[in-house]
Amino acid sequence: MSEQSNFSERVWHIVAAIPPGKVTTYGDVALLAGSPRAARQVGGVLRRLPAGSTLPWFRVINRHGRISLQGDDLFRQRDALEAEGIEVSDAGEIALDKYRWEYDR
DNA sequence: CTCATGACCGTTA
DNA sequence: ATAACGGCCATGA
C-alpha cells in the first residue's frame, strides 16, 4: 500500500533510509527510485528540499566518490559526513569501497 | 503545451 | 589520471 506517487517522494524515502556513517550515489538512488537514468534529477530533488528538512541529503555523492557541491556547500557537506565518522579528503573524496551503503531487500 | 535548467553518468580521447 | 561530449529526464517557469 505504500505506493509512492512521484519521483520526489520516492527519493525522499530512499535518502531517509541511508544509515549514518554510510553514503550512496545519485545513480543508485535513481535506480532504487525506479528511474535508472534519472541520476541528475536526484540532485535536483535534493537541491529543492524544503527549508528545515531533516533529510540526510549529505549522504549522497557522485559515482566517483566525490562531493559534487562547490564552495561553502562543499564544506558543509564534508563537515556533516566527518561528524558521523566518514573520512573525507580536503578535495572532497570519499572511499566508496569503504562507506558505500548496500541496500538489501 | 513548450522551453530551459542541471547536487549526473557512460563513453571516448 | 583529467576533460569534453552527448544523452538522460524530472522539475519549474
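In the text below, chain A, chain B and the rest are named by the order of the sequence lines, each starting its count at 1. Computed over heavy atoms, backbone and side chain alike; hydrogens, waters and symmetry mates excluded.
To the nearest angstrom, C1' of dC8(B) lies 13 Å from CZ of R47(A). In this structure, CG of L46(A) is placed 12 Å from P of dA7(B), rounded to the nearest angstrom. Summarising the geometry, the separation between CZ on R40(A) and C1' on dA4(B) is reported as 11 Å, rounded to the nearest angstrom. To the nearest angstrom, P of dA7(B) lies 18 Å from CG of L81(A). In this structure, Q70(A) places its CD atom 9 Å from P of dA7(B), rounding to the nearest Å. One interatomic measurement links the two molecules: CG of L31(A) to P of dC9(B), which rounds to 12 Å at whole-angstrom precision. Atom C1' of nucleotide dA4(C) and atom NE2 of H64(A) are separated by 13 Å, given to the nearest angstrom. The nearest whole Å value for the distance from the CH2 atom in W12(A) to the P atom in dA7(B) is 19 Å.
The side chain of A38(A) lies closest to dC9(C), out of dA7(B), dC9(B), dC9(C). The side chain of V45(A) approaches dT11(C) more closely than any other nucleotide in the set dT11(C), dA7(B), dC9(C). Of the candidate nucleotides dA7(B), dT11(C), dC8(C), dC8(C) has the atom nearest to the side chain of R37(A).
At least one side-chain nitrogen or oxygen of S68(A) sits closer than 4.0 Å to the OP1 or OP2 atom of dC8(B). Taking only side-chain nitrogens and oxygens, S8(A) comes nearer than 4.0 Å to OP1 or OP2 of dT11(C).
Using a 4.5 Å heavy-atom threshold, the side chains of L81(A) and I94(A) count as touching.
A donor-acceptor contact shorter than 3.5 Å links the side chain of R59(A) to the backbone of I18(A).
We find that D73(A) and R76(A) are joined by a salt bridge, their nearest charged nitrogen and carboxylate oxygen being less than 4.0 Å apart. Salt-bridge annotation for E84(A) and K22(A): absent, with no side-chain N of the basic residue lying under 4.0 Å from a carboxylate O of the acidic one.
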Contact list (N/O, under 3.5 angstrom) for nucleotides 11-13 of chain B vs protein:
none

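Contact between R78(A) and D90(A) at its shortest, heavy atoms only, is NH1-O, 3.9 Å. When all heavy atoms of W12(A) and V45(A) are compared, the pair lying nearest together is NE1-CG1, 3.4 Å.
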Exercise for the section: Report the C-alpha distance between D28(A) and Y103(A) in whole Å, list the side-chain angles of each, state the deciding distance to 0.1 Å, and finish with yes or no for side-chain contact (heavy atoms from CB on, under 4.5 Å). Expected result: CA-CA 9 Å; D28(A) 283 355; Y103(A) 178 84; over 6 Å; no

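Using a 4.0 Å heavy-atom distance criterion, G44(A) is classed as making no nucleic acid contact.
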